[in-house]
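Presented below is the structure to which this report refers.
All residue numbers refer to positions in the sequence shown, counting from 1.
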Amino acid sequence: MRGTHTLTRPEARRKLVAHLGLDRYRGRGVAATRAVLRRLRCIQLDPLDVIGTNADLVVMARIDGARRGDVWRDLFPGYAFEHFAKERCILPAEAFPRYRSRGHAAQAPWWRHQEREQRLPPAVINSVLTELRERGPMTARDLTDHGAVDPLDWSGWKGTARATTMALEILWTLCDVVVSGRTESGAKLYDIPERSLGSTVAASSGESDKDFNRWALLERVQAAGLLSRAGGSTWSMLSEARGSSLVDQMIESRELIEVSVEGSPRHYLALPGFLEPGPVRYDGRARILGPLDPLLWDRQLVRTAFEFDYVWEVYKPEQLRKWGWYVCPILHRDDLVGRIDARIVDGLLIVKKVWLERAVDPELVVAAIYRHAERCGCEGVRMRKVRKV
């Protein structure tokens, strides 16, 4: 029977933190990294590497001893690929057949490749694919240079002027090639799916295209924990599903449940198991969260459940920033207790400022900072004394 389940704010916090694997560290090493991806279903990517990339921070918040770069070493090749889910993400290898079966439909609204195809001769695209098949994995720079191309210009965003790179963008979107890892400098390594993911996964046709939205919606709800029916960036790539009758059908069939949170008029989607009772075991450590950690995807939900206002100010002009350019939240148990402005410079973790906004032992935060520095291979930490604001 359909009905809306109401959670108090503490219940919502507790269940979200546990669902997203932030209540305690869960294992160590390669197997633990792979388990994080299976649990979260996607890890959002961002190229900025200030104190580790967002993908690094997502893994380090959940795995004891995880180090900067482990996400690439542990997942690629063979266990993951990159594509659009909520923005560009790392996705588990078993999702690849679904994306490949989508073909042209797998591209994001802001990443249409028809314009690219109009600027490139088919022979260039075929040549790049053939070279990767024969010599991959390779970076874009290692591939044969096919000359210049007129770059795309979308609202001030400039695309590549290299024909080879533009061909890779087309092939990657269509799942004819995949990112099979990163070099030490962070450059993408491209390869054919059969070699990177294995012939069984890459050759599978997946389920029918008509089932993609149902499958993708279940994946997104698992990834978010609570997915607002009001829309927003958490529905990226799923606007078609949101605007159809699919959501109501899945609630009626009990594939999904509808949840509300005390203090908010919004309704959220969750998996039935999200509401299962049971104690949450915290390890008591403080954690530095990446700015695109799934716990932070829905800023309105963060304000409601955690009573914490977080805006990632990296794209704001300096004069409009309240906190700083790359400020990350700090989590302790199921409370967002503060934020940190830091960066790695010349082998040191430089902590410009820490704001403690909740009751928390400052030493727990200091321990988290030193732990993070060690995981990033820093030689030391430079910071002032941490105090409550």
Side-chain angles (χ1 to χ4, degrees), residues 9-10 12-25 36 40 43-44 46 48-63 66 68 86-87 223-226 232-234 261 282-316 321-344 349-373 375-376 383 386-389:
R9 287 190 180 94
R13 291 197 301 269
R14 187 166 59 249
K15 290 184 178 296
L16 275 169
V17 165
H19 176 85
L20 296 173
L22 287 167
D23 50 338
R24 63 186 186 277
Y25 287 130
V36 165
L40 298 181
I43 298 174
Q44 191 167 344
D46 185 84
L48 294 175
D49 189 350
V50 180
I51 54 173
T53 66
N54 183 72
D56 288 317
L57 294 170
V58 167
V59 170
M60 287 193 283
R62 291 162 172 84
I63 300 176
R68 189 184 192 185
K86 184 198 176 288
E87 310 298 333
L226 291 173
S233 63
T234 48
V261 178
Y282 300 102
D283 61 18
R285 291 185 176 186
R287 288 163 166 75
I288 298 171
L289 299 185
L292 301 172
D293 192 282
L295 187 71
L296 304 170
W297 282 354
D298 188 335
R299 304 292 199 243
Q300 180 59 49
L301 178 58
V302 170
R303 281 191 289 271
T304 298
F306 291 86
E307 298 177 272
F308 188 85
D309 191 13
Y310 179 64
V311 177
W312 194 30
E313 297 181 312
V314 70
Y315 298 115
K316 277 189 174 185
R321 295 177 191 144
K322 179 180 179 180
W323 305 100
W325 177 63
Y326 199 93
V327 171
C328 296
I330 301 169
L331 177 75
H332 177 245
R333 295 172 66 88
D334 56 20
D335 198 7
L336 290 168
V337 297
R339 48 198 105 206
I340 179 171
D341 183 359
R343 63 200 63 203
I344 296 171
L349 180 62
I350 308 296
V351 180
K352 184 177 179 181
K353 190 165 184 180
V354 176
W355 297 263
L356 295 186
E357 304 164 55
R358 299 282 197 277
V360 63
D361 184 350
E363 291 305 312
L364 291 174
V365 176
V366 171
I369 292 170
Y370 275 87
R371 189 164 55 245
H372 189 84
R375 291 172 165 198
C376 290
M383 67 177 177
V386 175
R387 294 186 177 89
K388 191 175 185 301
V389 296

### Query
So do Glu357 and Glu307 actually touch side chain to side chain, heavy atoms under 4.5 Å?
no

### Query
Checking side chain to side chain contact (heavy atoms under 4.5 Å, CB included) for the pair Ile350/Ile344: CA distance, chi angles, key distance, verdict?
CA-CA 6 Å; Ile350 308 296; Ile344 296 171; over 6 Å; no

### Query
Which heavy atom of Arg358 sits nearest a heavy atom of Phe306, and at what distance?
NH2-O, 3.0 Å

### Query
Salt bridge between Asp23 and Arg287, side-chain N to carboxylate O under 4.0 Å?
no

### For Ile330 against Ala286, the heavy-atom pair lying closest together
CG2-CB, 4.2 Å

### Query
Is it true that Asp56 and Arg375 have a side-chain N and a carboxylate O under 4.0 angstrom from each other?
no

#### Entry: Distance-minimising heavy-atom pair for Pro291 and Leu57
CD-CD1, 4.1 Å

### Message
Let's go through Leu289 and Leu22 carefully: what are the C-alpha distance in whole Å and the side-chain angles of both, what is the deciding distance for side chain to side chain contact (heavy atoms under 4.5 Å, CB included) to 0.1 Å, and is it a yes or a no?
### Response
CA-CA 10 Å; Leu289 299 185; Leu22 287 167; 4.0 Å; yes

### Task
Kindly indicate whether the side chain of Asp46, heavy atoms from C-beta on, has any atom under 4.5 Å from the side chain of Val314.
no

### Query
How close do Ile51 and Met60 get, heavy atom to heavy atom, and via which atoms?
O-CE, 4.4 Å

### Query
Any donor-acceptor pair under 3.5 Å linking the side chain of His332 with the backbone of Gly284?
yes

### Message
Would you say that Leu296 contacts Leu336 through its side chain, given a criterion of any heavy-atom pair below 4.5 Å between the two side chains?
### Response
yes

### Message
Nearest 0.5 Å, please: how far is CG in Leu48 from OG1 in Thr53?
### Response
9.5 Å

#### Entry: Flag side-chain contact, heavy atom, 4.5 Å: Ile43 against Leu292
no

### Message
So, taking the atom named CG in Leu20 and the one named NZ in Lys15, what distance separates them when rounded to the nearest 0.5 Å?
### Response
13.0 Å

### Message
Between Lys353 and Asp341, does any side-chain N to carboxylate O distance fall below 4.0 Å?
### Response
no

### Message
How close do Val366 and Met383 get, counting heavy atoms only, and between which atoms?
### Response
CG1-CE, 3.8 Å

### Message
side chain to side chain contact (heavy atoms under 4.5 Å, CB included) for Arg333 and Asp335? Distances and angles first, verdict last.
### Response
CA-CA 6 Å; Arg333 295 172 66 88; Asp335 198 7; 5.7 Å; no

### Task
Output, in order, the C-alpha distance, side-chain angles, deciding distance and verdict of side chain to side chain contact (heavy atoms under 4.5 Å, CB included) for Lys86 and Ser233.
CA-CA 7 Å; Lys86 184 198 176 288; Ser233 63; 4.1 Å; yes

### Message
When you compare the side chain of Arg343 with that of Trp325, does any pair of heavy atoms fall below 4.5 Å?
### Response
yes

### Task
Find the distance between CH2 (Trp355) and NZ (Lys322) and round it off to the nearest 0.5 Å.
10.5 Å

### Query
Rounded to the nearest 0.5 Å, how far does OG1 of Thr304 lie from CZ of Arg299?
13.5 Å

### Task
Provide the closest heavy-atom pair for Ala305 versus Ala12 in the form atom of the first, atom of the second, distance.
CB-CB, 4.2 Å

### Message
Under a 3.5 Å distance rule, please check whether Glu313 uses its side chain to pair with a backbone N or O of Trp323 as donor and acceptor.
### Response
yes

### Query
Quick one: are Phe308 and Leu331 in side-chain contact, heavy atoms under 4.5 Å?
no

#### Entry: Heavy-atom check, side chain of Val327 versus side chain of Ile340, under 4.5 Å
no

### Message
What's the separation between atom CZ in Arg68 and atom NE2 in His372, rounded to the nearest 0.5 Å?
### Response
7.5 Å

### Task
Evaluate the side-chain proximity of Leu349 to Cys376: yes if any heavy-atom separation is below 4.5 Å, no if none is.
no

### Message
Closer than 3.5 angstrom, by distance alone: can the side chain of Asp293 be matched with the main-chain N or O of Val58 as a donor-acceptor pair?
### Response
no

